[in-house]
Student: 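To start, I am sharing the structure in question, which I have written as C-alpha cells.
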Amino acid sequence: MNTTFLLNSLWVMVGAVLVILMIGGFILLETGSTRMKNAGHIAGKTILTFSIGSIVFWAVGYGLAFGKGNAIIGFSNFFYSGYEIKGLSLSGSVFFLFQLAFAGISLTIAFGGFAERAKLAAYLVFAVLFSIFVYPFIAHWIWGGGWLAAHGKQDFAGSTVVHLTGAMAALAATIILKPRIGKYNKDGSANNIAGHNQVFTALSVLLLWVGWFGFNAGSTLSADKAFFGFVALNTNLGAAAGTVAAMIVSWMVMGKADVPMMLNGALAGLVAITASCGFVDTWAAVVIGFIAGILVFYSIRFFENRKIDDPIAALSVHGTAGVWGTLSNGFFATKELATVGKPGLFYGGGFHQLGVQAMGVFTCAAFAFIVSYIILVIMKAVMNGLRVTEEEEIIGLDMSEHGSYGYPELLEVEQKLKA
C-alpha cells in the first residue's frame with residue numbers, strides 16, 4: 001500500500017466527516033428558520049432519515065449509482081462489502097462513505113419541502129424511495145459513467161447531482177402538501193412566518209460553510225499536488241460573494257439589510273460554486289457567487305408570489321442557485337481546468353459546453369421532480385394523506401408526532417396555563 005493511496009484515503013475521509021457534519025448545519029438551519037413548536041421534531045427526523053438513507057444507500061443506492069451497468073443505471077456492488085474497488089486511488093470504503101454523505105445531504109434538502117406540515121411517516125417512507133428511485137439515477141448519469149458523463153457534463157461536486165435533485169423533490173413535496181396554515185391570506189397575499197432563532201440560522205450557515213470544504217475540496221478525491229487547496233479557495237470566494245450580493249440587493253430593494261436573506265446568499269454562493277469550483281479561475285468564482293446572491297433574493301420572491309410555501313428557501317438556495325452554478329461552467333470553465341468536457345464560452349469553447357450543461361439541468365430537474373411527484377402521490381393515496389391534521393399542525397409537530405417539546409419549558413408553561 002503506497003503513500004499516495006494512504007494520503008488520498010485520509011484526505012477524502014476528512015472530507016466525508018465534514019460533509020456528514022453538514023447534517024448538523026441543516027438541523028440548525030431548518031430549526032432556526034421555522035417555529036419552536038416544531039424544533040424537536042425537525043432535529044430528530046433529520047437524524048433518523050439520514051440513518052435510513054445510509055442503510056438504503058449501502059444496500060441498494062450505491063450499487064445503482066456507481067455499480068457497473070449501462071448508461072442509465074448501475075447493477076453491481078449492492079450491500080457493499082467494504083472491500084477495495086479496482087481502479088480507485090483511495091480506499092473503497094472511504095469512497096463509499098463520501099458518496100453516502102452526499103446522498104444524505106440531497107435527501108435532507110428534499111425534506112425542506114415537507115417542513116412544519118408533514119407526518120413523520122411521510123419522511124420515513126420517502127427517505128427510502130428517494131434513496132432508490134431518484135438520487136442514484138442522477139448520480140449515475142453524471143458521476144457513475146452514465147449518459148451525461150459520456151457527453152462531458154461538468155458537475156465537480158454536485159450543484160446538479162445533490163442540490164438541484166434535492167430541490168426538485170422539495171418542490172414536488174411543497175406543491176402536494178400545500179402551504180402551511182396562515183401563510184397566505186384569502187386575497188393571495190403572503191404572511192411572513194418568521195423563524196424562531198436567527199442565531200441558530202447564522203450558526204448553521206457557518207457550519208455548512210466549513211463543511212463545504214469537505215464537500216467541494218474533498219471531491220478532488222486526491223491529495224496529489226494539493227489541488228484541493230485551489231478548490232477550497234474558489235469555494236470560499238463563491239460563498240463570500242454570495243453573502244455580500246444578497247445583503248446589497250436586499251438593502252437596495254427593501255431599505256434594510258435583511259439578515260436571513262444575507263445568510264441565504266451565503267448558501268446560494270456555496271451551492272453555485274459547487275459545480276464549477278474545480279473548473280474555473282478565482283475571479284470567476286467571485287462572479288458566480290455574486291450572481292447567485294442576487295438570484296436567490298428574486299427567486300424567493302418568485303416562489304412566494306406563486307403560493308409555493310418554502311420555509312427554508314430550499315427551492316431558491318439549492319434549486320435556482322444549483323441551476324446557475326451548473327450553467328456557469330458553460331461560460332467560465334477554462335482550457336487548463338476542464339478535465340471533464342470542454343472549455344466554456346469565454347475560453348474559446350463556443351456554446352458546446354453550455355448546451356451540455358443546459359441539457360443536464362433540464363433532464364435531471366425534470367426526472368427528479370416527476371419521479372418524486374409520482375412517489376408522493378402514491379404515498380398520499382396509500383398512507384391516507386401525507387400532512388398532519390389542522391389541529392396537529394397548530395399544536396406543533398413536537399407534541400403531535402412525539403409527545404414532547406424540543407424546548408421542554410414550553411410544555412411547563414402549557415401545563416401551568418391549563419392548571
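Small disclaimer: the values here were computed from a predicted structure and weren't measured.
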Student: For residues H163 and W212, establish whether the separation of their ring centroids is below 6.0 Å.
Tutor: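 Yes; W212 has its ring centre under 6.0 Å from that of H163.
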Student: We want to know whether D310 and T174 form a side-chain donor-acceptor pair, criterion being a heavy-atom distance below 3.5 angstrom.
Tutor: no
Student: Has K37 got a side-chain atom pairing as donor or acceptor with I394's backbone, closer than 3.5 angstrom?
Tutor: yes
Student: Checking N8 side chain against L90 main chain: does a donor-acceptor pair fall under 3.5 Å?
Tutor: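 No, the answer is negative, given that no donor and acceptor are paired below the 3.5 Å cut-off.
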Student: Do we see a donor-acceptor contact under 3.5 Å between the side chains of E392 and T389?
Tutor: yes
Student: Looking only at the side chains, is there a donor atom on one of D398 and N38 sitting less than 3.5 Å from an acceptor on the other?
Tutor: no
Student: For the pair L29 and L267, evaluate side-chain contact (heavy atoms from CB on, under 4.5 Å) and give the outcome as yes or no after the intermediate values.
Tutor: CA-CA 11 Å; L29 176 65; L267 296 177; 3.9 Å; yes
Student: Please examine the side chains of Y62 and L100, heavy atoms only from C-beta on, and report whether any two atoms are closer than 4.5 Å.
Tutor: no
Student: Under a 4.0 Å threshold between the charged nitrogen and the carboxylate oxygen, would D309 count as salt-bridged to R180?
Tutor: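 D309 and R180: salt-bridged.
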Student: Considering non-hydrogen atoms only, spot the tightest contact between V161 and Y135 and give its length.
Tutor: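 The pair with the smallest heavy-atom distance is O-CE1, 3.5 Å.
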Student: Heavy-atom distance under 4.5 Å between the side chains of F111 and K45, does that happen here?
Tutor: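 Touching, per the 4.5 Å side-chain cut-off.
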Student: Do T326 and S159 have a side chain donor and acceptor closer than 3.5 Å?
Tutor: no
Student: Roughly how far, to the nearest 0.5 Å, is the CG atom of L233 from the SG atom of C277?
Tutor: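 So the gap between those two atoms works out to 11.0 Å.
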Student: Determine whether L315 and T320 make a side-chain contact, defined as any pair of heavy atoms from C-beta on separated by less than 4.5 Å.
Tutor: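 A side-chain contact under 4.5 Å is absent here.
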Student: Among W143, F95, F137, whose ring-ring contact (aromatic ring centres under 6.0 Å, His included) with F66 holds?
Tutor: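 Only one of W143, F95, F137 forms a ring-ring contact (aromatic ring centres under 6.0 Å, His included) with F66, namely F95.
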Student: Are any of the side-chain nitrogens in R35 or E116 under 4.0 Å away from the carboxylate oxygens of its partner?
Tutor: yes
Student: Among K183, R387, R117, which residue meets the salt bridge (charged side-chain N to carboxylate O under 4.0 Å, His left out) test with E393?
Tutor: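 The salt bridge (charged side-chain N to carboxylate O under 4.0 Å, His left out) with E393 is passed solely by R387 among K183, R387, R117.
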Student: Taking the six-membered ring for Trp and the full ring for Phe, Tyr or His, determine whether the centres of F369 and Y373 are under 6.0 Å apart.
Tutor: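 Yes, the ring of F369 comes within the 6.0 Å limit of the ring of Y373, centre to centre.
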Student: Is any side-chain heavy atom of F215 less than 4.5 Å from a side-chain heavy atom of M22?
Tutor: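 Side chain of F215 against side chain of M22, heavy atoms only: contact under 4.5 Å found.
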Student: Do N236 and W209 have side-chain atoms, one donor and one acceptor, less than 3.5 Å apart?
Tutor: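 Yes, because at least one side-chain N or O of N236 sits under 3.5 Å from a partner of the opposite role on W209.
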Student: Please confirm whether the ring centroid of Y123 lies under 6.0 Å from the ring centroid of H41.
Tutor: yes
Student: Is there a donor-acceptor contact under 3.5 Å linking the side chains of Y347 and D281?
Tutor: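 Yes.
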Student: Grab the two heavy atoms, one from G112 and one from P311, that are nearest each other, plus how far apart they are.
Tutor: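 In this case the closest contact between G112 and P311 is O-CD, 3.9 Å.
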Student: Taking all heavy atoms of I288 and all of A272, pick out the closest pair and write down the distance.
Tutor: CG2-CB, 3.8 Å
Student: Which heavy atom in A157 sits nearest to a heavy atom in V162, and how many Å separate them?
Tutor: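 Scanning both residues completely, I find the closest heavy atoms to be O-CG2, 4.4 Å.
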Student: Taking the side chain as every heavy atom from C-beta outward, state whether L263 and Q198 have any atom pair closer than 4.5 Å.
Tutor: no
Student: Hey, what do you get for CG (L97) to CD1 (I20), rounding to the nearest 0.5 Å?
Tutor: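 These two atoms lie 4.5 Å from each other.
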Student: Is the distance between the ring centroids of F102 and F98 under 6.0 Å?
Tutor: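 They qualify: ring centres under 6.0 Å apart.
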Student: Side chains of L148 and T363: does their closest heavy-atom pair fall under 4.5 Å?
Tutor: yes
Student: Examine the side chains of S91 and S9 and answer whether a donor and an acceptor come within less than 3.5 Å of each other.
Tutor: no
Student: Please give me the minimum heavy-atom distance between A39 and T31, naming the atom from each residue.
Tutor: CB-CG2, 3.6 Å
Student: Taking C-beta and beyond as the side chain, do S328 and I291 meet within less than 4.5 Å on heavy atoms?
Tutor: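 S328 vs I291: side chains apart.
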Student: Do the two ring centres, one from F57 and one from Y80, sit under 6.0 Å apart?
Tutor: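 No, they do not, as the ring centres are separated by 6.0 Å or more.
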Student: Under 6.0 Å between ring centres: does that hold for W58 and F78?
Tutor: no
Student: Which heavy atom of N197 sits nearest a heavy atom of V199, and at what distance?
Tutor: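 That would be OD1-N, 3.0 Å.
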Student: Can you measure from SG (C364) to CH2 (W141) and round to the nearest 0.5 angstrom?
Tutor: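 Result: 6.0 Å between the selected atoms.
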Student: Considering only heavy atoms from C-beta outward, does the side chain of F156 approach that of T274 to under 4.5 Å?
Tutor: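 No - every pair of side-chain heavy atoms lies 4.5 Å or more apart.
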Student: May I ask you to check whether over 12 heavy atoms, not counting those of N185, lie within 6.0 Å of atom CG?
Tutor: yes
Student: Checking side-chain polar atoms at under 3.5 Å, does H196 have a donor or acceptor matched by the opposite partner on Y407?
Tutor: yes
